[in-house]
Structures are given as C-alpha cells and as structure tokens.
J.: 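Quick one: structure below, then a few questions.
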Amino acid sequence: MKNELLIVGTAGFLGSISRYLIGVWIGGRNSTAFPFATLLVNLVGCFLIGILSILVERSFPQHRSLYLFGSVGFLRAFTTFSAFGLETLQLLRNQQPSLAFANVIANVALGLVAVWAGRSLASVF
C-alpha cells in the first residue's frame with residue numbers, strides 16, 4: 001500500500017506540474033478568451049488514457065503500477081474537469097454563450113474522439 005501511494009502521489013505531482021506548465025506555455029487564461037489550455041490538456045489526457053487503457057487491459061495484473069502511475073496518478077491530475085466547468089461558467093457570465101457551447105462540445109466530443117483514437121492506435125501495436 002505504501003508503494004502504491006508513492007506511485008500515485010509522484011505521478012499526481014508530475015501531472016499537476018505538467019498541467020500548470022502547459023497553462024503557462026499557452027499564455028495563461030483570460031476570463032473572456034477561449035480556454036485553450038484546458039482543452040489541450042483534456043484532449044491530450046483523453047488520447048493518452050485511451051492508449052493506456054489498451055496497455056493495461058493487455059497486461060493489468062503484471063503491471064498494476066503502470067495503471068496507478070499513468071491513469072490514477074498522472075492523467076487524473078493532468079486533466080481537469082473542474083477548470084473546464086469554471087471556465088465554461090465564466091464564458092456564460094461574460095455573455096459569450098457561443099464560446100461556452102463550443103467549449104462544452106470541444107471538450108466532450110473531441111475528448112471522446114481522442115480516447116477512441118488513443119485506443120485505436122494502441123490496438124495496432
């Protein structure tokens with residue numbers, strides 16, 4: 001159990017730091033601008049979890065630490081549903097319903113496509 005906590009905690013730290021750095025790299029968020037940083041990390045995270053899900057399905061009992069590190073730790077700290085919700089609400093409060101709607105569609109629909117693409121890519125190998 002201690003090893004599992006260390007794996008998840010370390011991966012979560014790395015996921016959170018990665019998420020922060022992408023936000024800085026994109027240039028921060030303006031409450032009236034489209035939240036591209038959150039969309040990017042959510043789509044990358046969905047794609048990676050698609051790949052990881054195939055890898056884990058193929059070898060789960062032998063590689064539980066891969067699941068704990070990648071899915072439970074890194075990707076769940078890296079992606080952010082709460083930021084997506086807040087940014088969508090801010091767009092609505094700033095009277096930008098079309099951007100809010102685009103944000104919802106982009107995160108949900110493209111996120112599902114990204115998971116599918118990741119699983120499809122991983123299935124080839």
Side-chain angles (χ1 to χ4, degrees):
M1 181 67 149
K2 288 181 187 179
N3 287 342
E4 290 179 350
L5 291 175
L6 184 60
I7 290 169
V8 171
T10 300
F13 170 78
L14 294 173
S16 295
I17 296 298
S18 298
R19 165 71 177 98
Y20 173 76
L21 291 174
I22 287 175
V24 170
W25 177 63
I26 296 287
R29 290 189 303 269
N30 178 338
S31 62
T32 61
F34 191 83
F36 287 107
T38 300
L39 177 61
L40 178 63
V41 297
N42 286 341
L43 295 180
V44 168
C46 284
F47 180 74
L48 292 175
I49 207 163
I51 291 173
L52 185 61
S53 69
I54 291 292
L55 297 176
V56 168
E57 284 174 13
R58 291 181 181 165
S59 63
F60 178 70
Q62 303 92 320
H63 296 98
R64 179 167 169 72
S65 59
L66 173 65
Y67 169 75
L68 291 173
F69 185 89
S71 180
V72 176
F74 185 84
L75 290 174
R76 292 184 193 190
F78 180 67
T79 59
T80 174
F81 191 76
S82 58
F84 156 70
L86 177 62
E87 291 162 348
T88 303
L89 182 62
Q90 287 173 333
L91 290 169
L92 289 170
R93 291 180 75 199
N94 290 328
Q95 298 169 352
Q96 296 178 306
S98 58
L99 283 180
F101 181 74
N103 191 40
V104 170
I105 295 302
N107 274 277
V108 175
L110 294 177
L112 290 172
V113 169
V115 171
W116 172 83
R119 288 183 58 88
S120 296
L121 179 67
S123 294
V124 172
F125 300 102

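Numbers here are sequence positions counted from 1.
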J.: Checking Ser16 side chain against Phe13 main chain: does a donor-acceptor pair fall under 3.5 Å?
T.: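 Side chain of Ser16 to backbone of Phe13: no pair is present.
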J.: Please tell me whether Thr79 and Arg19 have a donor and an acceptor in their side chains that are separated by less than 3.5 angstrom.
T.: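 Per modelled atom types, Thr79 and Arg19 side chains form no pair under 3.5 Å.
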J.: Can you give each donor-acceptor pair under 3.5 Å made by side-chain atoms of residues 99-114, sequence neighbours left out, with the distance rounded to 0.1 Å?
T.:
{"unit_1": "Asn103", "atom_1": "OD1", "unit_2": "Asn107", "atom_2": "ND2", "d": "2.9"}
{"unit_1": "Asn103", "atom_1": "ND2", "unit_2": "Thr88", "atom_2": "OG1", "d": "2.7"}
{"unit_1": "Asn107", "atom_1": "OD1", "unit_2": "Asn42", "atom_2": "ND2", "d": "2.8"}
{"unit_1": "Asn107", "atom_1": "ND2", "unit_2": "Asn103", "atom_2": "O", "d": "3.0"}

J.: Let me check something: do Leu43 and Tyr20 share a hydrophobic cluster, defined by ILVMFWY side-chain heavy atoms less than 4.5 Å apart, either directly or through other members?
T.: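 In one cluster: yes.
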J.: Just wondering, do Tyr67 and Val72 contact through their side chains at under 4.5 Å, heavy atoms?
T.: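 They are in side-chain contact.
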J.: Taking the side chain as every heavy atom from C-beta outward, state whether Leu86 and Pro35 have any pair of such atoms under 4.5 Å apart.
T.: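 Side chain of Leu86 against side chain of Pro35, heavy atoms only: no contact under 4.5 Å found.
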J.: Answer with yes or no whether the hydrophobic clustering places Phe81 together with Leu39; edges join I, L, V, M, F, W, Y residues whose side-chain heavy atoms lie under 4.5 Å apart.
T.: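 No, because Phe81 and Leu39 fall into different hydrophobic clusters, even though each may have its own neighbours under 4.5 Å.
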J.: For the atom pair CG (Asn94) and CG (Leu89), what is the distance rounded to the nearest 0.5 Å?
T.: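 Answer rounded to 0.5 Å: 9.5 Å.
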J.: Quick check: do Leu40 and Trp25 have side-chain heavy atoms less than 4.5 Å from each other?
T.: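 Answer yes - side chains close enough.
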J.: Honestly curious: do Ile54 and Leu66 fall in one hydrophobic cluster under the side-chain, below-4.5 Å linking rule?
T.: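 Different hydrophobic clusters.
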J.: Spell out, yes or no, whether Phe84 and Leu91 are grouped together once hydrophobic residues are joined by side-chain heavy atoms under 4.5 Å, including indirect joins.
T.: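 Hydrophobic grouping puts Phe84 apart from Leu91.
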J.: Let's go through Phe47 and Ile51 carefully: what are the C-alpha distance in whole Å and the side-chain angles of both, what is the deciding distance for side-chain contact (heavy atoms from CB on, under 4.5 Å) to 0.1 Å, and is it a yes or a no?
T.: CA-CA 7 Å; Phe47 180 74; Ile51 291 173; 3.5 Å; yes
J.: Once rounded to the nearest 0.5 Å, what's the spacing between atom CZ of Phe78 and atom CD1 of Ile22?
T.: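 The distance works out to 3.5 Å.
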J.: Sequence neighbours excluded, which residues qualify as salt bridge (Lys or Arg N to Asp or Glu O under 4.0 Å) partners of Arg76?
T.: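 Residues passing salt bridge (Lys or Arg N to Asp or Glu O under 4.0 Å) with Arg76: none at all.
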J.: Is there a path of hydrophobic side-chain contacts, each under 4.5 Å between heavy atoms of I, L, V, M, F, W or Y residues, that connects Ile17 with Leu14?
T.: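 Hydrophobic grouping puts Ile17 with Leu14.
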